[in-house]
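Data first, discussion second: the structure below is written as structure tokens.
In what follows, chains carry the letters A, B, and so on, assigned in the order in which the sequence lines appear, proteins first and then strands, with residues in each chain numbered from 1.
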Number of protein chains: 2
Amino acid sequence: MATRTSRTPRRTEALSRERIVEAAVALLDAEGESGLTFRTLTERLATGPGAIYWHVANKGELLAAATDSVIADVLAIEHDEPSDTPQDEIRTLALGLFDAIADHPWLSAQLAVQLSGSPWGSVTPRIFESFGQRVAALGVPEATWFTAASALMHYVFGAAGQNAANARALEPGVDRAEFLHAAATVWEELDPGEYPFMKSIADQVREHDDREQFLTGVDLILTGITASNRA
Amino acid sequence: MATRTSRTPRRTEALSRERIVEAAVALLDAEGESGLTFRTLTERLATGPGAIYWHVANKGELLAAATDSVIADVLAIEHDEPSDTPQDEIRTLALGLFDAIADHPWLSAQLAVQLSGSPWGSVTPRIFESFGQRVAALGVPEATWFTAASALMHYVFGAAGQNAANARALEPGVDRAEFLHAAATVWEELDPGEYPFMKSIADQVREHDDREQFLTGVDLILTGITASNRA
DNA sequence: ACCTGAACACCGTTCAAGT
DNA sequence: ACCTGAACACCGTTCAAGT
């Protein structure tokens, strides 16, 4: 055992932007968006707010850096299976983002914020570029690339965001099947005059798999891209 | 002129949930999401925080009610042109939501939050139902309705959200063409090794029309729905 | 039943002062 | 150059007290 028994353990490593961002991601993952405050962060890092402001301009920049660090890992996945078609690569990329947002639900709101900026933040251009390169490889006319890549990216963010929101709404202790079952049952009990559609798909909701349905949606858009634009 | 010249004008109408929501929407529209606080709201309504809490449970409920009141108007648009195809109706609905989010940029983040809840809030089911009914009318197999309606809704929210974010990023005084021109120029100057796609579409970005491109994306998804599922 | 307004706990951020 | 920690302005929310 160590001889020092100090209750408030002194920091061993020096503070750095990297260590701060790392701690921020850990807090966001563990406690959600509201769990990251300068109080909790200074406590976790055994320092004061001034120290953090030395490395980071403000909370917005900290959130942007946290987003960046998580997304960078997703974009770094290797795509070098030689037999991969552009379609396969788009599916892999889309699913990687979907899973990342599921693992880090706070990413969803953050990516939406990130889409602003003048002209953009630094993550979204890289995501857009990744989709865009693979859309170009599909062989559709160049005039359609912009719209096609945008549609893909918007769908991915929208679907992943909803999935993250659902996960967040799931109170700890309730499992997913139970949650979906309850949701579907509510839908079945809706007024059939006002909600005929929701009633008719209640069964599908009860049984669907999120990732599988997400990929079906990606395929639907890929079909739309190639079907409406034979090069 | 009135004889009363009181500096802090006394409320004439009684407070009501409706009047509070109305004031909240006005503040959100005028000042953005950060412009709505209980201080600004009490000031505008010439009352105290306690009075608002009598009519509304908390800020979340207030934001939900504000969202509801704006979206209700969009969903109330008449679709009774007898010659309208389901496709036309879907385009009208999508564009209505797109324009509403452009007019009230705070809607975008709020709709994302609204998507959570157990099972859902009260706006999103109505939007989902509206898309769903029209997807069903396309004549594709029932097994595909859920995925198709989800894809449409996610695309609309994603695209509209980005458009709202762009509008917000636009500093007052700078006009849109100028903004897009600047963005495209930045893209053109990116490293061609890392960003070949963004460089290649810079021209399209400079000239595109947001609403038109949005509708092209809707058509792309409609094509995907019908092409991959001949009933 | 409806409203008042002081008070509470908490937030992001600043800054003079230390090493 | 890097860090400390008290202080500031502001936030959502509560609640005893009034009418």
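Between Leu36(B) and Pro49(A), the one whose closest nucleotide on DNA chain D sits nearer the 5' end is Pro49(A).
Nucleotide dG12(D) holds its P atom 11 Å from the CG atom of Leu27(B), rounded to whole Å. The interatomic distance linking Ile20(A) (CD1) with dG12(C) (C1') rounds to 15 Å, in whole Å. Atom CG of Leu41(B) and atom P of dC11(D) are 12 Å apart (whole Å). Atom CZ in Phe38(B) sits roughly 19 Å away from atom P in dA9(C) (whole-Å rounding). The interatomic distance linking Leu45(A) (CG) with dC2(D) (C1') rounds to 15 Å, in whole Å. In this structure, the CZ atom of Arg19(B) is 10 Å from the P atom of dC3(C), given to the nearest Å. Rounded to whole Å, the distance from CD on Glu33(A) to P on dG12(C) is 13 Å. Note: CD (Glu43(A)) to P (dC11(C)) measures 10 Å, nearest angstrom.
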Quiz item: Once Watson-Crick and G-U wobble pairs under 3.5 Å are found, how is DNA chain C written in dot-bracket notation, 5' to 3', with | for any base paired to another strand?
Solution: ||.|||||...|||||.||

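Out of dC11(D), dC11(C), dC3(D), the shortest distance to the side chain of Ala14(A) is found at dC3(D). Taking the side chain of Thr47(A) as heavy atoms from C-beta on, and the options dG12(D), dC3(D), dT4(C), the nearest nucleotide is dC3(D).
A heavy-atom distance below 4.0 Å to DNA chain D is reached by these residues of residues 52-61 of chain A, ordered by number: Trp54(A), His55(A).
Aromatic rings from Phe38(A) and Tyr53(A) are positioned such that their centres are separated by under 6.0 Å.
Counting heavy atoms of neighbouring residues, nucleotides and ligands inside a 6.0 Å radius, atom CD of Glu18(A) does not exceed 12 of them. With a 6.0 Å radius and a threshold of 12 heavy atoms from other residues, nucleotides or ligands, Glu33(B) has its CD atom above the threshold. Remark: Glu61(A) CD is packed, more than 12 non-hydrogen atoms of other residues, nucleotides or ligands lying under 6.0 Å away.
Tyr155(A) places a side-chain N or O within donor-acceptor distance of the main-chain N or O of Phe214(A), the cut-off being under 3.5 Å. A donor-acceptor pair under 3.5 Å links the side-chain atoms of Thr40(A) to the main chain of Thr37(A), judged by distance alone.
Taking atom C1' in both dA16(D) and dC3(C), the straight-line distance is 13 Å, to the nearest Å.
A salt bridge between Asp99(A) and Arg211(A) is present, with a side-chain N of the basic residue lying under 4.0 Å from a carboxylate O of the acidic one.
Each of Val25(A), Val123(A), Thr124(A) was evaluated against Thr67(A); a single residue qualifies, Val123(A), per the side-chain contact (heavy atoms from CB on, under 4.5 Å) test.
Side-chain contact check for Arg206(A) versus Asp203(A): some heavy-atom pair is nearer than 4.5 Å.
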